[in-house]
Amino acid sequence: LTDVAPHEALGAAWQVMLDVRDVYERELEACRQTFEKVEWPVDVLAEAKINCPECQSDLVAQSDPENTSHESLDCRCRLCGKQFSAEEAIENALETHFEVESYISFKDGGEELVQTCPECGLATYLLTEEEVGCAWCRFALEECARCMTGLTPENVSADNSSLCAYCEHLMSKD
């Protein structure tokens, strides 16, 4: 680091850089305000930032700021212009929000924290300390009715959501 102040080193360019940052911060705040009335089914969705699945920009706004339903989000990126659905917005927000924790869990032999929900088919099933169940449809798996193992999207039977795949396999042999 130098002892030269930015305005001395950059001259007029320093003010331009500050102005650009100010414009970005105002645009970001305006975008985030469009989601303030949404009644999120789980708290983590209120915390997760919706960003563009195309360019990863945080400058995403809801087309109808009066909308309160997470299922009716109609989003548009203010940077690249991509329009995307509520499902895509929420899947992407959860993936981004839990990216680091999922990597650590998976690396340490655990399960990914966001999985595909066996009920609605979206990548919105959470396996976190705070939340277990689908953030989209609120479906939650219980325990296997036969062996009492906790069910997850990875071990549940494809044909019977009350049994693990192993017990379903054993019972089908009878």
Side-chain angles (χ1 to χ4, degrees), residues 1-108 110-117 119-140 152-153:
L1 294 179
T2 66
D3 291 334
V4 179
H7 72 280
E8 291 173 4
L10 300 171
W14 178 242
Q15 186 58 50
V16 171
M17 291 169 73
L18 292 174
D19 291 344
V20 168
R21 183 65 185 181
D22 186 49
V23 168
Y24 174 83
E25 291 296 333
R26 283 188 303 216
E27 184 68 18
L28 182 61
E29 182 58 30
C31 287
R32 289 191 174 152
Q33 284 179 358
T34 67
F35 295 97
E36 285 184 352
K37 293 185 179 180
V38 176
E39 297 169 7
W40 300 107
V42 293
D43 291 340
V44 71
L45 284 175
E47 300 166 14
K49 304 293 185 250
I50 294 178
N51 61 13
C52 180
E54 186 75 25
C55 70
Q56 285 70 51
S57 171
D58 290 332
L59 298 178
V60 172
Q62 182 179 199
S63 299
D64 178 10
E66 298 302 313
N67 173 52
T68 60
S69 171
H70 75 283
E71 296 171 325
S72 299
L73 296 179
D74 180 28
C75 301
R76 181 181 193 103
C77 177
R78 305 272 296 211
L79 184 64
C80 73
K82 178 175 176 60
Q83 289 185 289
F84 51 99
S85 67
E87 294 89 344
E88 197 173 2
I90 290 176
E91 283 180 315
N92 192 48
L94 290 173
E95 179 185 344
T96 302
H97 186 76
F98 289 109
E99 189 171 34
V100 172
E101 291 98 330
S102 284
Y103 172 78
I104 291 169
S105 174
F106 192 70
K107 182 177 75 67
D108 292 342
E111 295 183 292
E112 291 190 46
L113 301 182
V114 181
Q115 298 183 5
T116 301
C117 176
E119 184 72 16
C120 68
L122 297 176
T124 53
Y125 197 94
L126 302 176
L127 293 170
T128 67
E129 289 182 20
E130 298 81 27
E131 188 72 37
V132 174
C134 184
W136 178 264
C137 71
R138 302 305 301 138
F139 176 74
T152 69

For side-chain hydrogen bond (donor to acceptor under 3.5 Å, both in side chains), just list the numbers for T152 and E111, CA-CA rounded to whole Å, side-chain angles, deciding distance to a tenth of an Å, and then say yes or no.
-> CA-CA 9 Å; T152 69; E111 295 183 292; 3.2 Å; yes
Start with the C-alpha distance between D74 and Q83, add both sets of side-chain angles, then the distance that settles side-chain hydrogen bond (donor to acceptor under 3.5 Å, both in side chains), and finish with yes or no.
-> CA-CA 7 Å; D74 180 28; Q83 289 185 289; 4.6 Å; no
Is any side-chain heavy atom of L94 less than 4.5 Å from a side-chain heavy atom of L126?
-> yes
Between OH of Y125 and SG of C120, what distance do you get to the nearest 0.5 Å?
-> 10.5 Å
R138 versus P41, closest heavy-atom pair with distance | CD-CB, 3.6 Å
Residues E27, R32: salt bridge by 4.0 Å N-O rule | no
Once you round to the nearest 0.5 Å, how far does CG of D64 lie from OG1 of T34?
-> 9.5 Å
Walk me through it: do K82 and E88 pass the test side chain to side chain contact (heavy atoms under 4.5 Å, CB included)?
-> CA-CA 12 Å; K82 178 175 176 60; E88 197 173 2; 3.9 Å; yes
How long is the span from the OG1 atom in T116 to the CG atom in L122, to the nearest 0.5 Å?
-> 8.5 Å
Taking all heavy atoms of H70 and all of A135, pick out the closest pair and write down the distance.
-> NE2-O, 4.4 Å
With the side chain counted from C-beta on, respond yes when S102 and S105 share a heavy-atom pair under 4.5 Å apart, and no when they do not.
-> no
Kindly indicate whether the side chain of E39, heavy atoms from C-beta on, has any atom under 4.5 Å from the side chain of S69.
-> no
Report yes if some heavy atom in the side chain of T124 is under 4.5 Å from a heavy atom in the side chain of V114; otherwise report no.
-> no
Distance (rounded to the nearest 0.5 Å) between L45 CG and F35 CZ | 11.5 Å
Is the closest side-chain heavy-atom distance between T128 and F98 below 4.5 Å?
-> yes
So SG of C31 and NZ of K49: to nearest 0.5 Å the spacing works out to 13.0 Å
Interatomic distance, C75 atom SG to N92 atom CG [nearest 0.5 angstrom] | 10.0 Å
Heavy-atom nearest pair, C77 first then C55, reads SG-SG, 3.7 Å
Yes or no on side chain to side chain contact (heavy atoms under 4.5 Å, CB included) for S57 and C80, after CA distance, side-chain angles and deciding distance?
-> CA-CA 8 Å; S57 171; C80 73; over 6 Å; no
Heavy-atom pair with the smallest gap, counting every atom of P65 and K37 = O-CD, 3.7 Å
Verify the neighbour count for atom CD of E25: are there more than 12 heavy atoms of other residues, nucleotides or ligands below 6.0 Å?
-> yes
With a 4.5 Å heavy-atom cut-off, do E36 and Q62 have their side chains touching?
-> no
Can you find a heavy atom in the side chain of C137 that is under 4.5 Å from one in the side chain of C117?
-> yes
Might you point out which heavy atoms bring A86 and E71 nearest each other, and give the distance in Å?
-> CB-O, 3.7 Å
Side-chain contact, heavy-atom cut-off 4.5 Å: V44 with H97?
-> yes
Within 6.0 Å of CD in E95, more than 12 heavy atoms from elsewhere | no
Is it true that atom CG of D43 has more than 12 heavy atoms of other residues, nucleotides or ligands lying nearer than 6.0 Å?
-> no
If every non-hydrogen atom of E112 is compared with every non-hydrogen atom of L127, which pair is closest and at what distance?
-> O-CD1, 3.9 Å
When you look at OH of Y24, are more than 12 heavy atoms from neighbouring residues, nucleotides or ligands closer to it than 6.0 Å?
-> yes
